[in-house]
Amino acid sequence: MTAIRIDGNVLAAKVRDRIAAEVSALKARGVTPGLAVVLVGEDAASQVYVRNKVAACAKVGMHSVMHKLPAATTEAELLALIDSLNRDATIHGILVQLPLPKHIAEKKVLEAVAAHKDVDGFHAENVGALMIGEPRFVSCTPAGCMEMLRDIGMTDLRGKHAVVVGRSNIVGKPMAMLLLHANATVTICHSGTKDLAAQCRQADILVAAVGRPRFIKADMVKPGAVVIDVGINRLPESEGGKLVGDVDFDAVNEVAGYLTPVPGGVGPMTITMLLQNTLVAANRA
Ligand code: NDP
């Protein structure tokens with residue numbers, strides 16, 4: 001059996017068409033959704049990510065402003081910029097690209113973004129809202145994974161066992177919470193989990209957010225399971241230098257029922273959910 005591919009590019013295009021139509025309706029009422037993207041430093045991957053986010057805004061007709069700050073920017077300077085964006089009525093969403101340089105306290109910066117403009121869903125208020133089942137802004141990557149599940153008809157996950165490998169604040173934990181709210185029975189695994197393979201084999205839905213290339217092997221997957229690969233890992237030049245996920249795609253493809261590719265899977269859905277959150281923020285404003 002070969003897995004059915006969940007194509008993130010195709011689904012993202014469909015959702016973005018809908019967002020573009022809603023943006024144009026909002027513009028007709030005099031509001032252009034606006035996103036501010038803040039990048040501190042020269043991290044190569046971050047530069048690509050922010051460029052893609054700004055380009056995606058333009059494509060759906062949103063206004064976006066990019067603030068590129070040098071690596072030596074002080075925490076106070078960054079907080080001052082966020083304060084001015086919080087008060088800027090043309091900006092509905094603020095995204096601070098992570099990671100930040102070591103001398104800046106990430107937590108302090110994320111908490112400085114006004115919760116109603118926190119389109120990344122990283123502010124403690126938004127994280128708490130998700131926890132109590134009243135989500136406002138949900139972290140974009142897990143939100144995108146849920147869209148992918150909905151697209152294959154998996155809306156109510158009652159009776160399904162979901163296993164999330166990874167417990168980061170931006171992916172693993174919110175992913176687990178969303179699956180729980182969709183009525184799945186959820187297991188969260190991490191580096192301290194005993195017999196990870198056995199845990200994974202229980203999964204009807206397996207989400208890999210580990211950050212290790214091809215970490216999930218075929219013998220860790222229940223036949224027919226839905227496998228969502230969040231990982232984005234660049235292989236060393238000696239191994240071809242290409243991007244791969246956390247799932248050993250070719251092998252797992254022979255076992256899983258559904259599988260997301262990397263690239264072209266969760267990545268495009270993440271940016272789409274950022275657009276969606278910005279649209280929601282503009283609508284609320
Ligand atoms: P983190 O490094 O913050 O978290 C990784 C998690 O994996 C941790 O909880 C860690 O456990 C767990 N882990 C690491 N090694 C093992 C192991 N051997 N066995 C079990 N668990 C393990 O990563 P992120 O959550 O930020 O990202 C995960 C991946 O997703 C990365 O490849 C990242 O690039 C990608 N990503 C992709 C996005 C997209 O748009 N597609 C967006 C965001 C991230 P512990 O907590 O115990 O250390």
Side-chain angles (χ1 to χ4, degrees), residues 5-9 11-12 15-16 37 39 43-53 55-56 95-100 106-107 110 119-122 127 130 137-149 162-179 186-203 206-217 219-221 227-236 242-249 259-277:
R5 187 161 315 188
I6 309 178
D7 190 324
N9 284 322
L11 179 57
V15 179
R16 286 184 204 192
V37 179
L39 173 64
D43 181 76
S46 293
Q47 301 212 21
V48 175
Y49 294 148
V50 296
R51 260 204 312 275
N52 289 344
K53 289 168 185 174
L95 178 157
V96 181
Q97 185 65 43
L98 302 180
L100 289 169
E106 197 171 283
K107 189 164 175 274
L110 297 181
V119 287
D120 252 342
F122 294 167
V127 174
L130 172 62
F137 291 117
V138 176
S139 178
C140 300
T141 300
C145 294
M146 292 307 287
E147 273 304 313
M148 293 176 121
L149 289 176
V163 175
V164 180
V165 189
R167 58 170 164 181
S168 70
N169 288 332
I170 64 171
V171 188
K173 283 182 202 160
M175 185 74 233
M177 207 46 64
L178 289 169
L179 289 162
V186 183
T187 301
I188 308 174
C189 298
H190 47 80
S191 63
T193 299
K194 193 172 156 193
D195 201 351
L196 181 69
Q199 297 289 347
C200 291
R201 274 194 300 272
Q202 294 185 57
L206 179 62
V207 181
V210 193
R212 290 175 184 249
R214 298 172 177 150
F215 180 76
I216 302 291
K217 306 292 182 199
D219 65 0
M220 299 166 82
V221 176
V227 180
I228 309 254
D229 188 355
V230 176
I232 302 178
N233 310 287
R234 184 157 308 274
L235 293 178
K242 67 174 188 166
L243 281 185
V244 298
D246 289 345
V247 173
D248 186 358
F249 186 91
L259 179 57
T260 66
V262 177
V266 174
M269 289 309 296
T270 295
I271 298 188
T272 304
M273 292 301 107
L274 173 69
L275 300 174
Q276 170 71 28
N277 281 350

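Atoms considered below: every heavy atom in the structure, side chains included; atoms not considered: hydrogens, waters and symmetry mates. Each ligand, and each atom within it, is numbered from 1 in the order the structure gives. Residue numbers run from 1 in the order of the sequence given.
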Where at least one partner belongs to residues 208-217, residue pairs that pass side chain to side chain donor-acceptor pair (under 3.5 Å), sequence neighbours excluded: none
Polar side-chain atom of S168 near backbone of V171 as donor-acceptor pair, under 3.5 Å: yes
Spatial distance of atom CE (M146) from atom CE (M177) [nearest 0.5 Å]: 12.0 Å
Which of the numbered atoms in ligand 1 are under 4.0 angstrom from any heavy atom belonging to [X]?
{"X": "G267", "answer": "40 (O), 41 (N)"}
{"X": "G166", "answer": "6 (C), 7 (O), 9 (O)"}
{"X": "I170", "answer": "26 (O)"}
{"X": "G211", "answer": "28 (C), 29 (C), 31 (C), 32 (O)"}
{"X": "T270", "answer": "39 (C), 40 (O)"}
{"X": "N233", "answer": "32 (O)"}

A209 near ligand 1 by a heavy-atom separation under 4.0 Å: yes
Measuring only between side-chain heavy atoms, which start at C-beta, is [X] closer than 4.5 Å to [Y]?
{"X": "L259", "Y": "F249", "answer": "yes"}
{"X": "F122", "Y": "V96", "answer": "no"}
{"X": "L196", "Y": "F215", "answer": "yes"}

For [atom], what is the nearest protein heavy atom, given as residue, atom name and distance?
{"atom": "atom 33 (C) of ligand 1", "value": "I232 N, 4.1 Å"}
{"atom": "atom 18 (N) of ligand 1", "value": "F215 CZ, 3.4 Å"}
{"atom": "atom 1 (P) of ligand 1", "value": "S168 CB, 4.1 Å"}
{"atom": "atom 42 (C) of ligand 1", "value": "T141 OG1, 3.1 Å"}
{"atom": "atom 15 (N) of ligand 1", "value": "R212 NE, 2.9 Å"}
{"atom": "atom 8 (C) of ligand 1", "value": "R167 N, 4.0 Å"}
{"atom": "atom 11 (O) of ligand 1", "value": "S191 N, 3.3 Å"}
{"atom": "atom 21 (N) of ligand 1", "value": "H190 C, 3.1 Å"}

Ligand 1 versus V171: contacting region, heavy-atom distance under 4.0 Å: side chain
Positive for side chain to side chain contact (heavy atoms under 4.5 Å, CB included) with V247, one of V227, V262, V230: V227
Residues forming a side chain to side chain donor-acceptor pair (under 3.5 Å) with D248, sequence neighbours excluded: none
Check against side chain to side chain contact (heavy atoms under 4.5 Å, CB included), R16 and I271: CA-CA 10 Å; R16 286 184 204 192; I271 298 188; 3.6 Å; yes
Per atom 30 (O) of ligand 1, closest listed option by heavy atom (D229, V210, V230): V230
